[in-house]
Amino acid sequence: MKGNKNSSQLEVWDHTRIEAKWREVWSKASLYEPDLNSAKKPFYNLMMFPYPSAEGLHVGNMYAFCGSDIYGRFQRMKGNDVFEPIGLDGFGIHSENFALKIGEHPMELSKRTEANFYRQLHMIGNGFAWDEKLETYDPGYYRFTQWIFVQLFKSGLAYRGKAVVNWCPHCLTVLADEQVIKQNSKQTSNSNNQKSEVAAEVEVCERCGTEVERRELSQWFFRITNYAERLLENLDKIDWSEKVKVAQRNWIGKSDGAKVMFASDIESNALIEVFTTRPDTIYGVTFLVLAPEHPLVTTIIDKANGPLQQQIRDFVDYSLKKTEAERIGTKTEAKKGVKTQEKTGIFSGFFATNPLNGEKVPIYIADYVLMTYGTGAVMGVPAHDERDFLFAKKYELEIKPVILPKEEKWDFSHSAFTGEGVLANSGQFDGLTTGEGIQSVIKYIKENQIGAYFATWHLRDWIISRQRYWGPPIPMIYCERCAGDGKSWFTISGPVSTFPPASAQSGQKTNGNWLKSADLRAVGNPSSTATRDENLDWDHAGWYPVPEEDLPIELPFVKNFKPTGSGVSPLATNADFVNTKCPGCGGAAKRETDVSDTFLDSAWYFLRYPSVNVNSKFEIRNSKIPWDREVTRRWLPVDMYIGGAEHAVLHLLYSRFLTMVFYDLGLLEFEEPFSKFRAHGLLIKDGAKMSKSKGNVVNPDDYIRKFGADTLRCYLMFCGRFSQGGDFRDTGIEGMQRFLKRVWRLATNSKLQTTNSKINGEAERMMHKTIKKVTEDIESLDYNTAIAAMMEWVNFLEKKIEVKSEKSKVVSDKKAMNNELLTMNEIETLLLLLAPFAPYMTEELWQSIVKRQTPNAKRQKFESLHAQAWPEFDENKIKSDRTLLIVQVDGKMRDKVEVSVGLSKEEAEEAALKLEKVAKYLKNGKYRAIYVPSKLINFVTSNK
RNA sequence: GCCGGGGUGGUGAAAUCGGUAUACACGUCAGACUUAAAAUCUGAUGACCGCAAGGUCGUGAGGGUUCGAGUCCCUCCCUCGGCACCA
């Protein structure tokens, strides 16, 4: 029997009807809900959850989601229990700014955008586990965000400190360093009456693009710097996109070197600690430089005499102002760069002593030395550092070479030699190479207690507070009375070590040192503490975390949620919220009114998903922990995480940090949250970035309505390599619809043999070749070439049965002779391979053509295509006994000839020489042949 | 400046253990079907020369290695992203 019973219904591919039907059937059958408690082969397939923007789902979101879903569907068909959760990252400045713009309260706005976003996310055809959805603004969720803050506070990893911080004058809040991005803005400047383009770099807010300012404020910080070393080292152990690893390495920014103490005559015992990455150049020190903010500068001004005192004071004032000006209107000319930038400084009138050779060198104050890096003091080695060289030239300081280039001659009066070489003029270290010199000098200064190995980091502590409304209130209470008495949670609750480490209960080892009250910085890696927080005043007197049983501290409805700009959150205006009782003394106290950074909401959501509907039996201090230990053990870490590379040093770094903290607190059994991470590329439109200002943002709704989600999915994946991004063009999507229509027609074709007759020969080879290609390409996320391979196979199948000519009524005699029937095996395989890409259409065809049944929504159980086993390929069936031999003469392809596989060189030569196109080049008979078995033969006639 | 992507037809892009460059698709042109259009189908489509057979050139530029280079090496250019007065 051929064809199918209900072909009338199948003649038209009515994507809207089909997609709605299968959504309902799949949902009723809980097709995408794995058994979280007992799944045998758990596979956690995650895509970064979206901001539910009020404009709705962006086609770029859909691009990323579909790419992730294809991988998940593939894993499901490979026999895994796939968990693909979805939620909304709805708290935060982004949503709040939009609410402000349109004058709607975020609490109401979020309800609207949530409904719209979820509607759209239902449409795209992903196998989401909807039962476990979560929203970061749900009190049931942020209760735990607050709980996490409390745990960090109790562990000494959350502290309040005063520091110069980034301030966004538009968002009216502080920002973490990671949330400030450098932006190149081309500015035209008029110099010498000539207009020239100067590339200026400005620091802007990651959210709104406004240039940031600096303010000195007291803020809550997370001590991520304690984890710098582990965050860096673990990168080698995880399977992540290289570019994201590189970005994290850069951001963490470790520099190995040494701290060296220089004695000075500023006052007795005034040691100046310098940081250098080149201790081997220490004999070449001819001056010392302090940053204008360096603590000793105040002493210098105090002690200075005569006009010098005022000069130094003026210089320091000028430098600090200039730094500020630079930060606001940075005029660093990118092209010229660091090297030529003028170095300004002033002699302090004091001298320091080189601890290695006893030489006295002048101490300068200069603004090219930054207080925020290293120790804020630098040893000037003009012979071997470009900046020191420029400074020395300007102030006519001695240039003393101590490293000689191994081969060439170097003119030290002309420029600094910064490469590696051999030590000279360095006393006992003469003759050593740079590498040996560094080691020897470090050993020497350590033995003589004048210094030690030291690493400097770029990473800074994470500023958590935001002076905004739309976020989880930071669950802290401040009691003035206790502050006056020097009391805090730490003094009332006794040693922090009473906080029960879960690992102690489960008898498991943790990596971190457990806390003692004396060492509040113990969690993480104390040796990696960066410099800035050394200078923060961390005064926790008067501070108490909200008792855990009182969580969540719900965000109250505040009518005027507009940020105040005065350094406090709009919550401060709500007296009912602010006034509370002190957990320590029971007296009147005030709540913290800042909310936490939105990146804290998203730094742990993946831990929550599997436990959303599970009540954890595990408690800490009468408070349930945010995840169930059993479920978490089964599902985490995330097996495959897909997302944008723009979060390389934001979300991806914060998540790793928190996971390590939870591991150290014994709350988790792994320290890396995402075993495998792949960054997807950027989807652009007609060659240009999509942006609201350009008005070229594509909303998927219209396309889904017109072409169906299946077509859009396939088209998005066909635009280019998933890791590289793609270019969305309206003409391209029509081509993809043509392809799916052809698949539809092929499957519903009357020539479809319903008996399971065997296929063989070329047809079998094509099938196995396609299975192999599609399988391997999905594994490596090369979806574009997987689709191309299926297209090639469909082209082949159409030719095979001449389905096209049947329609057009033109049948060439030659082709009619080859007319074969399509087998059920081929159609089944095609539908299976295409299933992850076009889930709706393939399910419809599978049920009606293969299973010959059309389940309706009422049926609970059915055998979905998406629960079928992924087709296997047989390498032997891909091999052919005939092959095309490429024939070259002097490396140029002249002809090709079909031969049997495995032929000898002699046989290949013989076959090739029969070819006229080849023979004519070899008339004189002088040649030698190079043979690549069964592939290619190259006749070389020249004498080479 | 350092680090990491990338540069291939008219367009989106394939092909990197060195071995047919441009798969797949879009677009364009021609044709079939049609009163016509749409849809669908067939064919052509890197450039240049040529009626053709065929030939020459061709993967950002220039060198090199090799029988053979998009692929490896060297020197550059452009572009996107990360870091950067980082000592």
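Note that the structure is a prediction, hence the values are computed from the model and not measured.
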- Query: Can you check the A/Ile684 CD1 to B/G5 P distance for me, whole Å?
  - Reply: 20 Å
- Task: Tell me what A/Lys773 touches on the nucleic acid: a base, only sugar-phosphate, or nothing, going by heavy atoms under 4.0 Å.
- Result: nothing
- Item | Protein-nucleotide distance (A/Leu683, atom CG; B/A13, atom P), rounded to Å | 10 Å
- Item | Residue-phosphate contact under 4.0 Å: A/Arg721 side-chain N/O, B/A15 OP1/OP2 | yes
- Message: Does a side-chain N or O of A/Asn784 approach OP1 or OP2 of B/A14 to a distance below 4.0 Å, or not?
- Response: yes
- Message: Does A/Val649 reach a base, just sugar-phosphate, or nothing at all? Heavy atoms under 4.0 Å.
- Response: nothing
- Query: For atom C1', what is the distance between B/G9 and B/C73, given to the nearest Å?
  - Reply: 28 Å
- Query: Does B/U16 pair with anything, Watson-Crick or G-U wobble, both distances under 3.5 Å, and if so, with which nucleotide?
  - Reply: none
- Task: Could you tell me whether a side-chain N or O of A/Asn938 sits under 3.5 Å from a main-chain N or O of A/Ile930, the two making a donor and an acceptor?
- Result: no
- Message: From the set B/G54, B/U11, B/U20, return the single nucleotide nearest to any side-chain atom of A/Lys917.
- Response: B/G54
- Query: Taking the C1' atom of each, how far is B/G82 from B/C72, in whole Å?
  - Reply: 28 Å
- Task: Would you mind classifying the nucleic acid contact of A/Gly735 as base, sugar-phosphate or nothing, using non-hydrogen atoms under 4.0 angstrom?
- Result: sugar-phosphate
- Message: Taking only the P atom of each, what is the distance from B/U8 to B/G18 in whole angstrom?
- Response: 23 Å
- Task: In whole angstrom, give me the gap between the P atoms of B/G10 and B/U22.
- Result: 15 Å
- Task: Identify whether any heavy atom of A/Lys892 sits under 4.0 Å from a base atom; if not, whether one sits that close to sugar-phosphate; answer base, sugar-phosphate or nothing.
- Result: sugar-phosphate
- Query: Between atom CD in A/Glu734 and atom P in B/A38, what is the gap in whole Å?
  - Reply: 13 Å
- Message: It should be established whether A/Arg278 places a side-chain nitrogen or oxygen under 4.0 Å from OP1 or OP2 of nucleotide B/A87.
- Response: no
- Establish, with yes or no, whether the OP1 or OP2 oxygen of B/C41 is under 4.0 angstrom from a side-chain nitrogen or oxygen of A/Arg745. yes
- Under 3.5 Å on both distances, the Watson-Crick or G-U partner of B/U75: B/A61
- Task: Taking atom C1' in both B/U16 and B/U59, compute the distance separating them and give it to the nearest angstrom.
- Result: 12 Å
- Message: Expressed as a whole number of angstroms, how long is the span from A/Lys920:NZ to B/G55:C1'?
- Response: 8 Å
- If every non-hydrogen atom of A/Leu370 is compared with every non-hydrogen atom of A/Asp367, which pair is closest and at what distance? CD2-O, 4.5 Å
- Message: For a quick check of understanding: with a heavy-atom distance under 4.0 Å over all strands, which category does A/Arg738 fall into, base, sugar-phosphate or nothing?
- Response: sugar-phosphate
- Item | Candidate nucleotides B/C41, B/G5, B/C83, ranked by approach to the side chain of A/Arg742 - the nearest | B/C41
- Item | Nearest-neighbour nucleotide for the A/Arg387 side chain, B/G12, B/A25, B/C85 considered | B/C85
- Item | Closest-nucleotide ordering on RNA chain B, the 5'-leading residue of A/Gly726 and A/Thr277 | A/Gly726
- Message: Distance check, P atoms only: B/C2 and B/C76, in whole angstrom units.
- Response: 10 Å
- Task: Provide the Watson-Crick or G-U wobble partner of B/C83, both distances under 3.5 Å; none if there is no partner.
- Result: B/G1
- Tell me what A/Val246 touches on the nucleic acid: a base, only sugar-phosphate, or nothing, going by heavy atoms under 4.0 Å. sugar-phosphate
- Query: With ring centroids as reference points, do A/Tyr703 and A/Phe728 lie under 6.0 angstrom apart?
  - Reply: yes
- If you measure from the P atom in B/A53 to the same atom in B/U45, how many Å do you get, rounded? 12 Å
- Note on the structure: Residues A/Phe722 and A/Leu781: closest non-hydrogen pair is CB-O, 3.3 Å
- Measure the distance from CG on A/Leu232 to P on B/C83 and round it to the nearest whole Å. 16 Å
- Query: Among the nucleotides B/G82, B/G55, B/G6, which one has an atom lying closest to any side-chain atom of A/Arg894?
  - Reply: B/G55
- Query: Is the A/Phe707-A/Tyr715 ring centre distance short of 6.0 angstrom?
  - Reply: no
- Task: Under a 3.5 Å limit for both distances, which nucleotide forms a Watson-Crick or G-U wobble pair with B/A39, could you say?
- Result: none
- Which nucleotide, B/C85, B/G12, B/G55, lies nearest any side-chain atom of A/Leu370? B/C85
- Please determine, for the side chain of A/Ser255, which listed nucleotide (B/C24, B/A87, B/C67) has the closest atom? B/A87
- Message: Would B/G9 be called syn or anti here, given the cut-off of 90° from 0?
- Response: syn
- Would you mind checking if A/Asp385 and A/Arg387 are paired as a salt bridge, meaning a charged N to carboxylate O distance below 4.0 Å? yes
- Message: How many whole angstroms separate atom CG of A/Asp730 from atom P of B/U11?
- Response: 19 Å
- Message: Taking the ring centre of each residue, are A/Tyr921 and A/Phe939 less than 6.0 Å apart?
- Response: no
- Query: Is there a donor and acceptor pair closer than 3.5 Å between the side chain of A/Asn938 and the base of B/C67?
  - Reply: yes
- Query: Is it the case that A/Lys259 places NZ or CZ above or below the six-membered ring of A/Phe454, under 6.0 angstrom from the centre and within 45 degrees of the axis?
  - Reply: yes
- A/Ile787 vs A/Asp890, nearer the 5' end of RNA chain B by closest nucleotide: A/Ile787
- Picking from B/C24, B/A84, B/C67, which would you name as closest to the side chain of A/His458? B/A84
- Task: Classify the nucleic acid contact of A/Asp388 as base, sugar-phosphate or nothing, counting any heavy atom under 4.0 Å across all strands shown.
- Result: nothing
- Query: Less than 4.0 Å between a side-chain N and a carboxylate O, is that true for A/Arg721 and A/Asp777?
  - Reply: no
- Message: Given B/G27, B/G12, B/C41, identify the nucleotide with an atom nearest to the side chain of A/Thr731.
- Response: B/G27
- Task: Name the closest nucleotide to the A/Lys243 side chain, picking from B/A87, B/U20, B/G4.
- Result: B/G4
- Task: Determine the Euclidean distance between corresponding P atoms of B/G1 and B/A69; express it in Å to zero decimal places.
- Result: 32 Å
- Mark yes or no for a side-chain to base donor-acceptor pair under 3.5 Å between A/Gln888 and B/G19, with no hydrogen or angle criteria applied. yes
- Note on the structure: By the Watson-Crick or G-U definition, both distances under 3.5 Å, B/G9 is matched with none
- Base-pairing mate for B/C51 - Watson-Crick or G-U, with both contacts under 3.5 Å: none
- Note on the structure: When both distances are under 3.5 Å in a Watson-Crick or G-U wobble arrangement, the nucleotide paired with B/U28 is B/A44
- Item | Length of the CZ-P vector between A/Arg928 and B/G68, whole Å | 9 Å
- Side chain of A/Met791 only, please: which of B/C24, B/G6, B/G82 is the nearest? B/C24
- Message: Is any side-chain heavy atom of A/Glu229 closer than 4.5 Å to one of A/Trp457?
- Response: yes
- So what does A/Tyr921 touch, heavy atoms closer than 4.0 Å: a base, only the sugar-phosphate, or nothing? sugar-phosphate
- Could you state the CD-C1' distance from A/Glu792 to B/C24, rounded to the nearest angstrom? 6 Å
